[in-house]
Amino acid sequence: MKKLLLSGVALAVCLSAFAQDAARKAQEKLPASIANLRLERERPVDAITPLREINPTTTATSKTSGVEVVIGTTEYDLQSNYGTCGNRVKVHDDGTVSVVWTRGTDQGPSYPDRGTGYAYWDNTNWSGIPTMRIESARTGWPNVSSNGNKEYVVNHAGNYTTNFIHRNTKGTGAWTEDSAGILVTWPRFVAGGTNNSTIHVIGNDNNGVDYDMYYSRSEDDGATWNQVNVKLPGIDTDYYESAVDGYDMDARGDVVAIVMGGWTENLTLWKSTDNGTTWTSTIISEFPLYPYDYTASGSVTDVDGDGIIDTVDCADSGPTVVIDSQGMAHVACGGMRVLDDDTTAGGSYSYFPGTDGLYYWNESMGANTLLNNLIAEIQDRDGNGTIDIEASIALYQCSLTGMPGIGVDAQDNVHLVYSSLQELTTNGASVDPQSYRNAYYMYSTDGGMTWSTPATVEESDFDEQVFTSMGKRVTNNTVHIVYHKDGEPGTQIGPDEDPPSLNEVIHNGVTNPTVGINEIAYGDVKAVVYPNPVSNILNVDYTFETPETFTVQLVNALGQVVHSEMVRGVSGINNIRIPVNNYSTGVYMLNTTIGDNVYSERIIVQ
């Protein structure tokens with residue numbers, strides 16, 4: 001297991017210095033041309049953005065496929081302005097799954113056919129790939145939930161209105177469209193309360209002025225709304241403008257959690273234990289100049305008042321949150337760096353798209369400690385101590401390791417999916433070649449104190465895998481992961497301005513590896529074997545204090561070696577993945593030879 005010790009006592013000392021050290025650690029291996037790239041922040045895309053001019057020389061095709069199920073497609077490719085998408089995957093109590101995304105294939109101005117793509121898993125099969133939206137009019141940014149039987153979708157339409165779409169039986173039947181009287185764009189939504197009959201909605205007031213985040217609530221399955229467009233405590237006093245499209249929410253019974261912020265705003269958790277009636281707030285990552293009006297004349301990021309403009313380490317605006325069975329909120333978010341040296345009135349500020357690092361926090365860790373807890377960064381695939389980026393990077397306005405989705409299982413193990421840049425990859429374009437991103441998965445069995453070695457969900461040097469989401473409840477030993485995939489880094493809509501291409505919506509059902517974990521000591525070498533029993537991929541994490549060459553073999557009941565490899569191990573964690581899905585079921589022996597010693601572990605393939 002990857003040891004990331006998050007001591008509450010240590011974190012209380014010199015928080016600011018520790019946060020800077022942790023945040024900048026992720027930048028040390030990057031080329032200076034990437035780490036120091038500076039761009040002006042772009043406003044988010046709204047419902048009426050016209051189609052932009054594009055560079056037609058880039059080839060956009062998907063070149064590989066792996067263990068996956070294509071559940072949908074879209075050419076409208078922007079799923080979030082800053083990385084995370086909210087509740088796009090709903091795992092129902094009976095194990096069925098609903099998935100939504102923003103789809104569109106008509107490349108006319110603003111994609112007039114844009115709307116909600118929907119797929120449903122009935123515990124046996126996926127519904128067919130949809131060819132049209134579920135609504136009658138143009139919409140975007142859907143979230144999905146249910147009360148166990150009834151199914152709900154919330155999204156935004158034109159004129160900054162919010163749609164509440166529902167049907168009586170999940171997975172089947174006609175949808176009913178209602179206007180909830182909520183005037184927000186880029187909404188997030190979740191069902192909670194008694195019998196999951198309370199609908200909680202958040203979103204931005206897209207009036208072009210302050211972009212405040214508003215909260216609304218219905219306690220009768222959306223029939224009436226007793227809170228509409230309410231500002232949560234601190235929005236008016238602690239924020240210049242709420243993070244735009246930069247929030248997430250979860251509910252479990254009467255406990256509701258909302259996380260919002262990043263860039264030049266505090267990243268804050270709002271929590272209610274009475275179904276959204278009253279709220280408390282905790283700053284997870286503090287922007288040191290808050291509330292910061294970057295449009296004011298003379299405003300600059302001089303944090304310590306020494307007359308020198310500072311680059312500020314902060315959270316990006318792509319947080320995700322989940323509530324465990326004890327009511328504790330768990331949060332993950334990418335890192336970012338910003339700088340404001342524009343002293344003119346009405347000016348903007350800059351950000352560094354080459355910022356790397358994914359961070360974790362929960363309520364036991366105390367306020368303003370997120371940036372101390374770096375848990376993932378770009379993988380050094382060739383082990384040479386640097387991140388070798390042979391091309392430029394696509395722009396998603398979030399961390400190079402970001403777009404997290406988070407969930408918990410019945411034992412409150414924390415599961416996490418995210419997207420991260422792949423070193424040594426390029427799309428091969430003749431103009432502005434770019435590196436790819438892959439989807440990664442990791443988990444913690446001790447409340448975020450330690451984390452497993454990150455593993456690619458579908459490793460590929462020829463695909464872009466982004467907008468990663470997962471079901472927030474891990475049931476039936478399956479982690480339901482969804483991401484978007486095509487052959488072109490970046491998006492057509494938004495800052496990258498790529499040519500249009502067909503994006504596949506991918507579902508990967510990862511077997512919960514926390515069921516059956518064997519932790520073993522081979523002399524001075526520690527090994528973690530998971531899952532055991534195994535049906536797809538057997539993982540073995542070997543931890544060495546010094547580099548060591550060793551051999552791994554898998555032997556069947558007849559004594560036949562079915563898998564063998566020699567590994568030049570490095571100091572630290574070495575992850576070995578052995579595909580077993582083509583092997584016969586039964587008992588195998590995992591033999592590890594280190595020097596003159598052979599260590600064996602019983603493995604069950606099922």
Side-chain angles (χ1 to χ4, degrees), residues 67-72 85-101 116-130 134 142-153 166-173 175 189-197 199 221 250-253 320 322-325 330 405-417 439 441 443 445 457-458 468-483 505-517 530-537 581 585 606:
V67 180
E68 62 186 30
V69 178
V70 181
I71 61 174
C85 303
N87 294 305
R88 295 286 178 91
V89 184
K90 172 61 179 178
V91 180
H92 305 287
D93 292 342
D94 60 1
T96 58
V97 181
S98 298
V99 179
V100 293
W101 63 96
T116 299
Y118 173 89
Y120 182 73
W121 168 255
D122 65 4
N123 276 322
T124 302
N125 298 298
W126 282 100
S127 57
I129 294 177
I134 66 173
N143 276 209
V144 63
S145 194
S146 77
N147 68 1
N149 191 29
K150 288 184 178 180
E151 190 168 30
Y152 318 105
V153 172
H166 53 96
R167 59 184 175 185
N168 290 329
T169 304
K170 59 182 173 60
T172 187
W175 295 93
F189 126 85
V190 69
T194 303
N195 299 321
N196 285 324
S197 60
I199 310 298
D221 291 316
D250 191 27
R252 186 186 282 254
T320 183
V322 70
I323 302 168
D324 67 22
S325 66
H330 303 256
I406 195 168
V408 293
D409 59 28
Q411 286 72 44
D412 286 336
N413 299 310
V414 185
H415 302 261
L416 193 65
V417 63
Y441 164 76
Y443 65 88
T445 59
V457 177
E458 176 203 343
T468 40
S469 302
M470 66 172 292
K472 292 188 175 178
R473 305 293 179 262
V474 176
T475 61
N476 295 341
N477 289 333
T478 301
V479 184
H480 291 279
I481 296 170
V482 172
Y483 51 93
V505 183
I506 304 297
H507 173 271
N508 252 298
V510 175
T511 301
N512 184 354
T514 66
V515 179
I517 298 179
Y530 60 95
N532 189 16
V534 60
S535 58
N536 188 18
I537 301 292
N581 51 302
T585 59
Q606 61 183 17

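Because the structure is a prediction, the values reported are computed rather than measured.
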Does [X] use its side chain to pair, donor to acceptor, with the backbone of [Y] at less than 3.5 Å?
| X | Y | answer |
| --- | --- | --- |
| N87 | N143 | no |
| N508 | V510 | no |
| D412 | D324 | no |
| N512 | H415 | no |
| R167 | G173 | yes |
| R88 | P142 | yes |

Sole residue of D94, D409, D250 in salt bridge (charged side-chain N to carboxylate O under 4.0 Å, His left out) with R473: D250

Non-neighbouring partners of N168 that pass side chain to side chain contact (heavy atoms under 4.5 Å, CB included), sequence neighbours left out: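 N168 satisfies side chain to side chain contact (heavy atoms under 4.5 Å, CB included) with K150 only.
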
Distance-only side-chain donor-acceptor flag, K170 / T96, under 3.5 Å: yes

Side-chain donor-acceptor contact under 3.5 Å, Y120 with E151: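 The criterion, which ignores hydrogens and geometry beyond distance, is not satisfied for E151 and Y120.
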
Residue list, side-chain hydrogen bond (donor to acceptor under 3.5 Å, both in side chains) with S197, at least two apart or on another chain: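 S197 satisfies side-chain hydrogen bond (donor to acceptor under 3.5 Å, both in side chains) with no residue once adjacent residues are dropped.
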
Residues, nucleotides or ligands: over 12 heavy atoms within 6.0 Å of D122 CG: yes

Over 12 non-hydrogen atoms of neighbours within 6.0 angstrom of CG in D93: no

Test side chain to side chain contact (heavy atoms under 4.5 Å, CB included) applied to V408 and N413, step by step: CA-CA 5 Å; V408 293; N413 299 310; over 6 Å; no

Test item: I406 and H330 side chains (from C-beta on) under 4.5 Å apart, heavy atoms: yes

Option from W101, Y152, W126, W175 for which ring-ring contact (aromatic ring centres under 6.0 Å, His included) with Y118 holds: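 Among W101, Y152, W126, W175, the one meeting ring-ring contact (aromatic ring centres under 6.0 Å, His included) with Y118 is W175.
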
